[in-house]
Amino acid sequence: MVGLLVAQAPAAAADGIVTDLGVAVGRGGDVVARGSKVFVAADDRIVVASLDGQVIDTISGLSGAVALAAPDGGRRVYAALRDSHEVIEIDTATVTITRRIDLTSYPCPSNLAQSHTRLWIGYGCGEAEEGGVVGLVLSETTPTPVRVGPATTQPPLVAVTGNTLVAGEPGVSPAVVRVYDVSTTPATPRGEIRGDANGLPPLRDLALTADGSAALSALADTRQFDAWDTTTLARARAYDSSALSEHGLPTAVAASPDGDYVVGGWNSSQGDTAELVVYDPATAEVIYEADYQGKALVAGSIAFYGTLTWGVLKEPETGRMHLWRLPPSPFHSSTLTLTAPPEATALKQLTLGGRLTLSNGSLPGVQTLELYRWLPDGTSRPFQEITTAADGTYQFTDTPPSTGTFNYLVYWPGNSWFGGRSASATVTVTPYQPTLTVTGPATGVVGERLEFSGTFGADGVSFPRTTITVTRRVVSPDGTVTSKALAKVAPAADGSFGFADTPTTAGEHTYTVRLVGNSIVAPANTTHVVTVLQPSA
């Protein structure tokens, strides 16, 4: 994993990396990237790839996986299963399905968009007035779908940023893009984007800019991408200048999460050449472009992760899918540090921290870092995300459960302007050094029960199973010395224990209490002396 993260942004060829995903399907092709993995919907499965495009896992046995969505942070990806009428939740760390949401009443979910804890779904099986858009609050145990907008025939395309939602039915003419304020329930309509007097040509893709101020459309027969002001509902600018724009078809469009780029995807009219073009969002200037021969770009299949941009290609005749990764976008450098104590103690919390800095001196703002941890035996601890302060500093804690060498790695994927970085640290963990204490009476009487209690722990520490042994040494008044091992004691998880003894002779009783210890807790011992007297006559 360390090697993988360090090498996640290699110097790529001029047109990036194209990887065969090993699957040929008629549906699917939507793509999202989260948790250092790329997820591609492929009808009866979801293919999972590493950031360098290599297939690393598959979620199989699905029924119509056609659309994906993921929040800006966290470790969840959501997939729409058109044929089984449900949405599934996937843990990006374990690549397992953790939740299923039934949408039988809203059949054929086909398009997804997510913002914070809400998921928006475009559904419909192609019957008139059967489709539409619903929203779910994912924090609810059983989410209640809330309808947004009018009924449709085709499942609408949806995009959301903050409190702005746009929806448009694909493939119909004239097309309408509806704009909603979703800060209220039900959503408040803000207007409709209809273009000129002839209306909009059929929609192929729909997106929103990072601040929600503009809706981005890929429309049939326009030879350009359009940005529509979500307040005035008027066209704000157009993006074209593609080498394919004269004869090509706009197929996919998306805005980078940080707002620095708009990326448009084109297919040649023959469907045998795909092109991705990176635009300046304000000026529509072409910043970068790359094409690929012999394959077509899947509509709507553009995704971002840090400085990386992905699309999904299909072979026109076979439907075989390929993952296309552009070279890292132009960026400045960044530095990430991780500072840790060279040594720590098992079962005790240690604090690690560091800082993310940008080469131009600006503050990075709050950023999400990925934290990876490995035990001495090479197994990994649970995946975790941590956030920096606005100045780039961060801190986290860990409690080593054993001794040995622990490895820590933090990773920042970067963004459109600054390259990602990783930093690692090694901590040697030594056994927990207990302080063994025993309390009990100082005097006793022959035949009367003596009770003792003790501990070797500290507040908040949970100890593995260990053993306490007790030996009693008696020096009687005539000088006779006898010793006896008492029953072994199993302390509680917090390190507390107790034992009892009933003396049968007078004299000085010395109880030696020993903590046996193990590979995690060091041994310890202490004594307690009781003067035992004969009972009064």
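Keep in mind it's a predicted model, so treat the numbers as computed, not measured.
Between D91 and R75 there is a salt bridge, since at least one side-chain N of the basic residue sits less than 4.0 Å from a carboxylate O of the acidic one. Ion pairing between D181 and R190 fails under the 4.0 Å rule for side-chain N and carboxylate O. A salt bridge is absent between R237 and D280; no separation between the charged side-chain nitrogens and carboxylate oxygens falls under 4.0 Å. By the 4.0 Å N-to-carboxylate-O rule, K37 lies too far from D57 to be salt-bridged with it.
Summarising the local packing, CD of E140 is surrounded by more than 12 heavy atoms from other residues, nucleotides or ligands at distances under 6.0 Å.
For the residue pair S84/E86, the side-chain donor-acceptor check at 3.5 Å is satisfied. Side chains of T368 and E385: a donor-acceptor N/O pair is absent below 3.5 angstrom, by distance only. Checking Y411 against E370 by side-chain atom types alone, no donor-acceptor pair falls below 3.5 Å.
Taking the six-membered ring where tryptophan is involved, the planes of F396 and Y408 are tilted, since the angle between them lies from 30° to 60°.
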- Query: Can W228 and S217 be said to form a side-chain hydrogen bond (donor to acceptor under 3.5 Å, both in side chains), step by step?
  - Reply: CA-CA 8 Å; W228 306 87; S217 63; 2.9 Å; yes
- Query: Given Y279 and Y261, is the ring pair (Phe, Tyr, Trp, His ring centres under 6.0 Å) satisfied, shown in steps?
  - Reply: CA-CA 6 Å; Y279 302 95; Y261 298 111; over 10 Å; no
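Nearest heavy-atom pair, A274 versus W324, reported as atom, atom and distance to 0.1 Å: O-CH2, 3.9 Å. Across G271 and P316, no two heavy atoms sit closer than the pair O-CG, 3.2 Å. Taking every heavy atom of both residues into account, A167 and P156 meet most closely at CB-CB, 4.5 Å. Here the closest non-hydrogen pair linking P281 and V262 is CB-CG2, 3.9 Å.
In this structure a side-chain-to-backbone donor-acceptor pair under 3.5 Å is missing from T251 to A218.
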